[in-house]
Amino acid sequence: MPSLREAYELRRPVLEQVAARLEIELLDHFEGRAHIDRISFRTKAVDSFVDKAKRDLAPPYEHPLGEIEDQIAGRILVFFTEDVTETVDHLNKLLKPVEYDHKRPTRYNEFDYESVHGVYTFPPPYLVPGWGDHDDMPQTFEMQVRTLFQHAYAEPQHDLGYKPDVPIDEDIRRELAWVAAGCWGGDQALERIRSLVANAE
Amino acid sequence: MKLFRLFGFAIEPQRLTHPDDFVDPLGGQLTIEATLRNALDRSLRTAEDSGNLTGVVLDVDTQPDGERSSLVRDAVRGLAFGKKKVGRSSALELARQLSRAMDERSLECLLLIAAYKEDDGDVRRVAAWIFPQDEAFRFSPGGDTNSAIELLTEIFSRTSGLRKMALFSGKDIKSHFIQGQVLDFQQGRRDDVSDFWIERFLEAKLAITPATGTKVLGEALRNASKASDLSLVERRQVHAAALAMHVAPKGAVSLQSVADTFLSGKAKQVFLDTAENDETRTSSFKLDHAALEERVKVRNFLVEEDVWVSAPIDKVGDGKVVQLDEDMDGAAPVERLRIEADVIEDQLAARRHA
């Protein structure tokens with residue numbers, strides 16, 4: 001019986017093929033649409049998968065190979081905040097969502113990570129030969145849709161890699177909030193400018 | 001897998017019934033007799049081997065704290081994993097849902113809900129069948145004066161072409177029991193069936209969206225049209241299939257249904273080989289005609305005197321086999337079509353020369 005790590009390593013080539021297929025299909029689906037900066041997909045790294053599977057959650061993962069939904073994940077970056085909803089609507093013409101979450105701070109005076117997260121089922125035509133050879137393949141994958149400014153905050157912030165049990169210094173929190181606020185402000189300004197330019201035409 | 005729960009309900013259409021007048025369907029849990037178990041196992045195998053399964057996705061609550069809930073998903077999971085009381089209430093919920101989905105166009109039917117489990121695993125399966133009400137004669141031959149015939153009315157046909165099935169399987173986890181498969185033995189009238197069984201009862205959508213399905217169909221038609229060594233008949237079939245899809249009325253198709261209707265031989269094989277798995281081959285999807293025109297570019301001209309000319313789009317234009325000129329006819333511009341080419345095949349030539 002293979003270990004969890006071995007089982008995930010065995011399936012990863014097939015996951016990569018499906019991720020590549022999804023990327024091609026989405027690029028085709030969005031071809032010609034304005035304000036799309038990039039569309040990209042990735043498969044979860046082996047270490048990252050194993051770490052997530054063993055995370056101390058309540059409830060814990062009983063079937064991580066089937067339960068962990070970001071084994072394949074995609075991201076669409078757009079120019080303006082108004083593009084996010086339109087992009088999700090266009091995405092939903094191709095894919096079937098089962099979960100949708102606009103992650104953002106809940107209080108007006110907080111600035112932090114902001115992005116649309118969706119969970120989608122795999123369209124049967126995108127599943128490559130060999131997909132069915134593995135037990136317990138995921139039935140869903142994740143998509144994120146965000147602006148370039150939201151991404152400019154999210155990626156470095158994620159890369160800093162906080163440990164959930166290590167408290168973060170208050171000054172660091174404040175600086176990060178300032179960066180997030182700046183990104184939020186950048187998005188608002190771009191949207192205002194876009195509207196002014198459109199009205200002037 | 002082993003059948004461990006079975007429920008049956010007699011379902012009458014109550015879609016137009018006021019909620020205050022709604023009557024719960026009669027029925028409940030059934031004893032699993034060996035003959036019934038074997039019959040259902042056979043029916044399930046037949047369904048899975050039929051090549052007519054269509055993937056569906058339930059419309060669930062997509063809010064992050066909505067737990068991907070839907071009436072059908074919750075009921076199916078209750079049947080699969082819940083204790084006895086939950087199983088019974090879940091079955092009744094599905095029966096009520098079906099009754100609310102059916103209007104007077106549907107016959108009264110028997111709803112059978114079967115739950116299966118693995119001997120040593122976590123996967124469960126739930127199959128929901130409907131069998132329409134029918135009438136039959138029971139004849140007891142007994143000689144010249146002892147024969148008897150009885151009209152049976154409270155029966156439900158296990159082999160009727162109007163029967164339907166929905167199948168869900170998985171583990172008790174967040175991402176399972178959202179997708180399922182349906183089988184509709186009824187050929188034709190796909191819109192009505194789709195509305196009733198998939199949209200109103202299951203509250204689901206076809207797993208392949210119009211955008212995805214139409215793209216795959218376009219690829220399949222292009223692959224078939226480019227295949228080498230097709231006979232003239234097969235090439236004509238592919239061309240006819242492309243034209244037909246462009247003008248097909250609204251409804252659902254599958255690669256398999258298109259292949260079975262229009263194609264044969266190598267053309268059919270190449271067309272179906274575009275599907276990399278069985279579910280892509282057999283699952284229905286609604287055509288997106290605008291997208292199909294983008295993908296399978298065929299121009300169709302109606303000229304004077306009811307003459308039709310069709311050609312691949314890249315064969316129309318200056319220097320091409322089909323040329324379009326613009327002339328002035330009086331004050332108004334008019335397009336004129338010119339074709340000059342060797343005839344490779346004349347379908348009616350044999351009759352013409354007879």
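Heavy atoms only: backbone and side chains are in, while hydrogens, waters and symmetry mates are out. In what follows, chains are A, B, ... by sequence order, proteins preceding strands, each numbered from 1.
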Specify which of [options] makes the most heavy-atom pairs with chain A at under 4.5 Å.
| options | result |
| --- | --- |
| B/L58, B/D122, B/V216, B/D65 | B/D122 |
| B/R68, B/E276, B/Q63 | B/R68 |
| B/I178, B/N277, B/V60 | B/N277 |

Can you confirm whether A/H90 sits close enough to A/R33 that some side-chain heavy atom of one is under 4.5 Å from a side-chain heavy atom of the other?
yes
Salt-bridge contact [X]-[Y] (side-chain N to carboxylate O under 4.0 Å):
| X | Y | answer |
| --- | --- | --- |
| A/R42 | A/E142 | no |
| A/K93 | A/E25 | no |
| A/R194 | A/E191 | yes |
| A/D47 | A/R5 | yes |
| A/E170 | A/R174 | no |
| B/K205 | B/E199 | no |

Pick from A/N92, A/V98, A/V119, A/T140 with the largest number of heavy-atom pairs that fall under 4.5 Å of chain B:
A/V98
In terms of heavy-atom proximity below 4.5 Å to chain B, should A/Q139 be classed as side chain, backbone, both, or neither?
both
Once you measure the plane-to-plane angle for A/F41 and A/F141, does it fall in the parallel (<30°), tilted (30-60°) or perpendicular (>60°) bin?
tilted
Anything in residues 121-133 of chain A with a heavy-atom distance to chain B below 4.5 Å? Please list those residues in order.
A/T121, A/F122, A/P123, A/P124, A/P125, A/Y126, A/L127, A/P129
